[in-house]
Amino acid sequence: MKTYQEFLEEQGEKKWQKYWEDNKIFEVTEESPSVKTQGREKFYGLIEFPYPSGAGLHVGHPRPFTAMDVICRKKRMQGKNVLFPIGFDAFGLPTENFAIKTGRPPAEVTAENIANFTRQLKMLGYSFAWDRAVDTTDPKYYKWTQWIFLQLFKHGLAYKKAMPINWCISCKIGLANEEVVDGKCERCGGPVEKRNKEQWMLSITKYADKLLQGLETVDYIPQAKIQQQNWIGRSEGINFKHKIKDMNLEFEVYDSIPQTFMAQTFVIIAPEHPYVYEMVKGTEHEKEVMEFVEKIKKKKAGDKFDIDSDMEGIFIGRYSENYLGIGRNLPIWVASFALMDYGTGIVGCSVHDERDYKFAKMYDLPLHPVLFPEDKELAEKVRSTEIFYREQNGILEEPIDFKGRKWDEVRQDIIEYIVKNNLGKRAVNYKLRDWVFSRQRYWGEPIPLVYCENCKNKKHHYVFVHGFMSYSGEGWKPWMKQILEKQGNTVFCPDLPNTNEPNIDEQVEYILKNTKIDENTILVGHSLGGVVVYKLLEKLNKKVAKVLLLDPVVTAKFPDKIRPVVEKSCDWNFDFEKIKKLSNEFIILGDIDFKTIFEKDLRDLEKKLDGTLVLARPEDVHFTASEEPMVLQLLENTGWIPLPESSLPLELPKVAKYEPTDNGESPLAHIDEWVNTICPVCGGEARRETDTMPNWAGSSWYFLAYTMMKEKNGEYIWDREKMDYWNPVDWYNGGMEHTVLHLLYSRFWNEFLFDIGLVPTSEPYKKRTSHGMILASDGEKMSKSRGNVINPDEMVEKFGTDAFRTYIMFMGPFDQAVAWDTNGVVGVRRFLEKVWNLGIRTTKDTKLRNTKIDTLLHQTIKKVSEDIEAMHFNTAVAQLMILVNEMSKEEQLFLTPYSLLLKLLSPFAPHLCEELWADLGNKDSIALSEWSEYDPKLIIDDVITVVAQVNGKVRDEFQVPVDISEEEIKKLALASDKVQKWLEGKEPKKVIYVKGRLVSIVI
RNA sequence: GCCCGGGUGGCGAAAUUGGUAGACGCGCAGGACUUAAAAUCCUGUUCUAGCAAUAGAGUGCGGGUUCGAUUCCCGCCUCGGGCACCA
């Protein structure tokens, strides 16, 4: 028999990798075509797909990859239908920067890098389903990234807004945050400033609550949950109303600690707030205040703003009048640290906030605490207690009776008091900000939108159709009418006849008689007004520009009293086949909270009209608020036109140079023939969006792509059956560095896709775990500049793949950082050598047993199975070492324990185990053999060690049968010479027996 | 500053619900085999004292609960990660 060394030298590992590939061992299907896969439960294991850098695979990659491979190999042996996919997240900055430097096309470089990564990953023997490998830069793939973006756009979740970007003055290029080091450009070391640029944004904040609530239903490691919660940063508080003295102006102030609302003595407002100018214009303070505002704006545009050294403010000469009706006027200041984009941008300040306190002291503003000084016990519960005492001689007022209860208990009462007395209303705020989705770069997915000036300037005739028991002046209609007319549109918003006992036909007649409806008309139907719109279109039989249905009635399912009236208002037969053709666009806005109009019916309607359903939580139930931003967003004409879905993918054009333009546009802006295009709506001239999507886009849905791939031509088909089979992901392991952004973004996309009915579950990942980093042998992070990088190729060349994999699993606790130690690989290699040599001593007799080995074997089955599940790979390997050490002491080994050992070891060292498994005469791959269960009867040793303690110190030990009685063992312990010596003839006060462990004697 | 993790031999680390601290591996020391070396095998290896039996100390520090604490509680020190003017 050859040695292990010879096996490796003869490329034995490669041989098995080829065997797995040729025999499609790890390719899986969901249709269960063979008997083998029938009735098996699915298991979807996911790792974060790598970015194929030019440097090749880093030793950091194999840690999570090997771990999930071990898990998947075990699950496969346990009879699960396992999908373990791999792909490449290939859009990204390094490749683009390489292109700028060398002029080589990123697509070409990416292909080379992917080829190298593929070679390296295959070398490591992972049980990946290679046939499903994805590449985010493949147009077939990003066609769907673009498609999902269009869905977001059509559902009002994408909008353009001026946002600051990092701008390197000398490179003339927008930089990613990670390219800015200490306020300087990472490439040239030059200064970086903030520049405002119109950017595409995704409204992730609309999903803040869902993303928060969803966390309660998933099994993530606690750190991941906590980090996401903190990032979302939900806070509940009160918006207080303020009226400005000597002005016709009111505003609201958000306060998350309304307990101290009575202590407020001044108000600060963010410098960027439009009300600042509003309040100072024409006053003696105007010049001074506006200069201050400009100064602060400039300062904030610089690199870093430090709260302590940069705290400053200025009085604007205005007062909040008669605060809360108690007669006090609060001075209003502009302050550098007030944030425009949190709360209302205006803050009520009191002594109880450390920062406000500091500011007040700086400018000598009045302060006083909220509580009586004699109420000391309660005062201790107050935030900033120290400040409270410092100021206890201030003016005092009694807000509410606290009766000595705990501060947090009081909170709810105070909030209720505030709401009941109409001093303010409940409000919720989030730290989460909308997602900046544009990059002024070449190497990303093009955004599939065009800007059409012609369409933007086109004016429309709007017809608002109100609902049951309503009228034209109700809710958002007057507000919206005003906005639309201001933009040059015409609006017809009538009071329909007999609104309390409507006859739909009669109402249709009324509209047709009183206004003109043609291809330029936008119909907006609210509630029962939706029914009027269906009938109107049916009767009119002419095309209109657009139809917006706001929580429209579809069927006459209504509460008792109203029902008969609604039922007889109409015949409830609609020819949707006909209606559907009368507008290119049907947008249906549904209120999630309104229980009378059912989501199911709206989804039905969406299908029948070929429309777009947007489910929302409006400002007020059933879209009856007087200002309704959701409606505005869907009616406002921005001039941005989505490309037809059938025209996707919008492919990246070839460019001559990869530098951004001088004014920071993406390189795509250089290519006139690409930029100038035709508007898909009006056929006129239009310009393409030249920004591309961020790196996060492609990775926000890749776990879906793996399950929707059509094998034949590599096309991706949105195949619900396949998705329903595999999704959600059962187990997702990744780095802690991705627990905030990537995880949140991909959860957002998946929850959105779930809301529009395209994926089976709202949460994409059932379970999320995290791995620790692998550090260099000096304990530092590995980096090229430090020269401490370990190359996987070299390790595999030297020790073999199996030793490399097993060492990575053995090196330390999986969730913690560990330093690389090449000597450690040597130890694992010796262990594998030992396993190889066991083969020589094995007889093929399956009947003979060795009790000692069998017990240890079953203990090992138990431990290895449980440890893999808990990701305690290091102790699983240690246990296998113990077993192998024992086995190698035996003269002769029997077949059964030997083959069980191979199965247990095979997830870690698959090549070695395949070889030895085949040597035993097995025809099928060990990867498809059955994982063994331990026998609970066999894991119990018959002889155990029990120790005797005297006053907590171990003094003697005994080998006793496992079933020894308490009485017997106590007798034995007390009779021991060594124990007697320590007792010194005294009677023990107490004797405690811990079963199977020890006898503790107290004197 | 706030929120999470960690801190155990020379090193990577183990240790069920509180129950023999240091499993397993590296390294080191001694031995066997060898002309020699490598490889392999065997023995030892927390520290201190002792030839040894043995005794004492010991899981970042200081207290507490307990017959018994690496594990639970209180107060600190320290390292790593995340957030950081969010009213």
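Lettering of chains follows the sequences in order, A, B, ..., and the numbering in each one begins at 1.
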Shortest side-chain distance from I992(A), nucleotide among C24(B), C67(B), A87(B): C67(B)

Base of C86(B) paired with side chain of R433(A) (donor-acceptor, under 3.5 Å): yes

Distance, rounded to the nearest Å, where K981(A) contributes NZ and A55(B) contributes P: 5 Å

Cation-pi geometry met for K862(A) and Y934(A) (6.0 Å, 45°): yes

Any S256(A) side-chain nitrogen or oxygen under 4.0 Å from OP1 or OP2 of A87(B): yes

Base orientation of G9(B), syn vs anti, 90° cut from 0: syn

Shortest side-chain distance from W982(A), nucleotide among U20(B), G56(B), A87(B): G56(B)

Between C86(B) (P) and E272(A) (CD): distance, integer Å: 15 Å

Donor on one side chain, acceptor on other, R328(A) and Y323(A), under 3.5 Å: no

Contact under 4.0 Å: N874(A) side-chain N or O vs A14(B) OP1/OP2: yes

Nearest-angstrom distance from the residue atom CG of L883(A) to C1' of A23(B): 15 Å

Sidechain N-carboxylate O distance under 4.0 Å for E966(A), K995(A): no

Between G25(B) (C1') and L832(A) (CG): distance, integer Å: 13 Å

Residue R355(A), side-chain atoms from C-beta onward, closest of G56(B), C86(B), U20(B): C86(B)

Working for ring-ring contact (aromatic ring centres under 6.0 Å, His included), residues W333(A) and F292(A): CA-CA 11 Å; W333(A) 285 59; F292(A) 175 81; 9.2 Å; no

Distance below 4.0 Å between K953(A) side-chain N/O and A57(B) OP1 or OP2: yes

Length of the line joining N823(A):CG and C26(B):C1', which is rounded to integer Å: 6 Å

Atom-to-atom span, CD of Q879(A) to P of A23(B) - whole angstrom: 14 Å

A23(B) OP1/OP2 closer than 4.0 Å to side-chain N/O of N885(A): no

Side chain of K431(A) (C-beta onward), nearest among G19(B), G12(B), C86(B): C86(B)

Centroid separation F814(A) to F873(A) less than 6.0 Å: yes

E48(A)-H738(A) side chain donor-acceptor pair, cut-off 3.5 Å: yes

T875(A) side-chain N/O to C24(B) phosphate OP1/OP2 under 4.0 Å: no

Selection from G56(B), G82(B), G27(B) that lies nearest to any side-chain heavy atom of R830(A): G27(B)

Residue Q223(A), side-chain atoms from C-beta onward, closest of C3(B), C4(B), A13(B): C4(B)

Distance-only donor-acceptor check, side chains D209(A) and Y430(A), under 3.5 Å: yes

N/O donor-acceptor pair under 3.5 Å between E252(A) side chain and T344(A) backbone: no

Nucleotide of C24(B), C67(B), C41(B) approaching K834(A) most closely (side-chain heavy atoms): C41(B)

Among G19(B), U20(B), A87(B), the one nearest D356(A) by side-chain distance: A87(B)

Nucleotide C24(B), atom C1' - distance to CD1 of I882(A) in whole Å: 6 Å

Pair W435(A) + Y745(A): ring centers closer than 6.0 Å: yes

Spacing between I226(A) atom CD1 and G5(B) atom C1', to the nearest angstrom: 10 Å

U54(B) and A69(B), which share atom name P, separated by this distance in whole Å: 23 Å

Bracket notation of RNA chain B in which parentheses pair within the strand, [ ] cross earlier pairs, and | pairs with another strand (Watson-Crick or G-U, under 3.5 Å): (((((((..(((......[....)))((((((.......))))))((((....))))..(((((..]....))))))))))))....

